Number of protein chains: 2
Amino acid sequence: MPTPHYGQPRYRAIAQELSERIESGVIPPGALLPTESALTAEFQASRGTIRQALSALRENGLTTTEHGRGTYANPHPYEPAPTENLIREVRQREVVADIELATLFSIEVGSTLVLHESVTRSQSGVEAVSRTYRLAEGDQ
Amino acid sequence: MPTPHYGQPRYRAIAQELSERIESGVIPPGALLPTESALTAEFQASRGTIRQALSALRENGLTTTEHGRGTYANPHPYEPAPTENLIREVRQREVVADIELATLFSIEVGSTLVLHESVTRSQSGVEAVSRTYRLAEGDQ
DNA sequence: AGAAATTTGTCCGTATGTATC
DNA sequence: AGATACATACGGACAAATTTC
């Protein structure tokens, strides 16, 4: 069978259907979406097309996908940073890498990382805490 | 032949090679990148893999692709980072507040926070991991 | 602890549609 | 109209992370 895509391509229609389910609450925040193979069965599309649709959702910040686990509906569709009346406090310190960070940086657990921490406050209290980890100088 | 991808996957290596060419000026701003079929020949990779690499460049704002025309190198937009051949991955999840975070936010230990995590990669590996914590919607 | 099943990630090849030159 | 170039879609195979038994 040919593969025409008049107007809207298939993957986008699927992405739209899925995003409607998320925003309507059919798929609640934090919940797993159906697996890719389940979606291929439901939409009668190839896995590649399904993955293209899921990729679109991810780029729009609606979902998060984890290898071997699945795709989750995000608790928060977005988060524009309010840039008014904010106070930022920045400090710097050294920390030891836990398993998660060590894996990301491909270093050993217990290695030192440099941490820049930024605390953003508004009148109502702490708005956000941002932490950036980097390898210590000379370790790279 | 099988498809092993030890360490870094093929498409990412290609993406970094191309971003270096853009960064170094081998491919000047505004210029067209080689066509997908040309890249297929050069890197001895399938077109799908090439498109995956180009997609990564696009997502990182390095290039712009136009249907039927080609892929252009973007003129340096607004970049906070000095080195531009970087690839960022973003994901979002919920975490439980430890004592430190709970104190900062003035919430109870165990409360859920929304975490946006951004991993910045260069060819040498992970450059930085940035984590931003915020209160869940409705808790503020 | 270890093996199997599940699920997402990567890669290939092919075919056809659509936009541009 | 023809050639070129990117877009969409299918199918198959194997790799890697996670979960389950």
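A, B, ... follow the sequence lines: proteins, then strands. Residue 1 opens every chain. Being a predicted model, the structure only gives us computed values, none of them experimental.
For the pair Q52(B) CD and dC6(D) C1', the interatomic distance rounds to 16 Å; values are reported in whole Å. What separates CD1 of I50(A) from P of dG12(D) is a distance of 16 Å, to the nearest Å. The distance from atom CZ of F43(B) to atom P of dC11(C) is 13 Å, rounded to the nearest whole Å. Across the protein-nucleic acid pair, R10(A) atom CZ and dT18(C) atom C1' stand 19 Å apart, rounded to whole Å. Remark: P of dC12(C) and CD of Q44(B) are 10 Å apart, rounded to the nearest angstrom. I14(A) has its CD1 atom 12 Å from the C1' atom of dT8(D), to the nearest Å. Regarding Y72(A), its OH atom lies at a distance of 16 Å from the P atom of dA17(D), rounded to whole Å.
Counted by atom type alone, T64(A) and Q92(B) present zero donor-acceptor pairs between their side chains at under 3.5 Å. Using modelled atom types and a 3.5 Å distance limit, the side chains of S130(A) and S118(A) yield no donor-acceptor pair.
Residues E17(B) and F43(B) have side chains in contact (heavy-atom distance under 4.5 Å, counting atoms from C-beta outward).
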Between the protein and nucleotides 4-8 of chain C, which nitrogen or oxygen pairs come in under 3.5 angstrom?
| residue | atom | partner | partner atom | Å |
| --- | --- | --- | --- | --- |
| dT8(C) | OP2 | E36(A) | N | 2.9 |
| dT8(C) | O4' | G68(A) | N | 3.4 |
| dT8(C) | O2 | H67(A) | NE2 | 3.0 |

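Salt bridge annotation for R58(B)-E66(B): absent, with no cationic side-chain nitrogen under 4.0 angstrom from a carboxylate oxygen.
Contacts of R12(B) with the nucleic acid, taken as non-hydrogen atoms under 4.0 Å apart, are absent.
Atom CZ of R88(B) has 12 or fewer neighbouring heavy atoms from other residues, nucleotides or ligands inside a 6.0 Å radius. Counted within 6.0 Å of CZ on R134(A), heavy atoms from surrounding residues, nucleotides or ligands total 12 or fewer; the atom is thus considered open.
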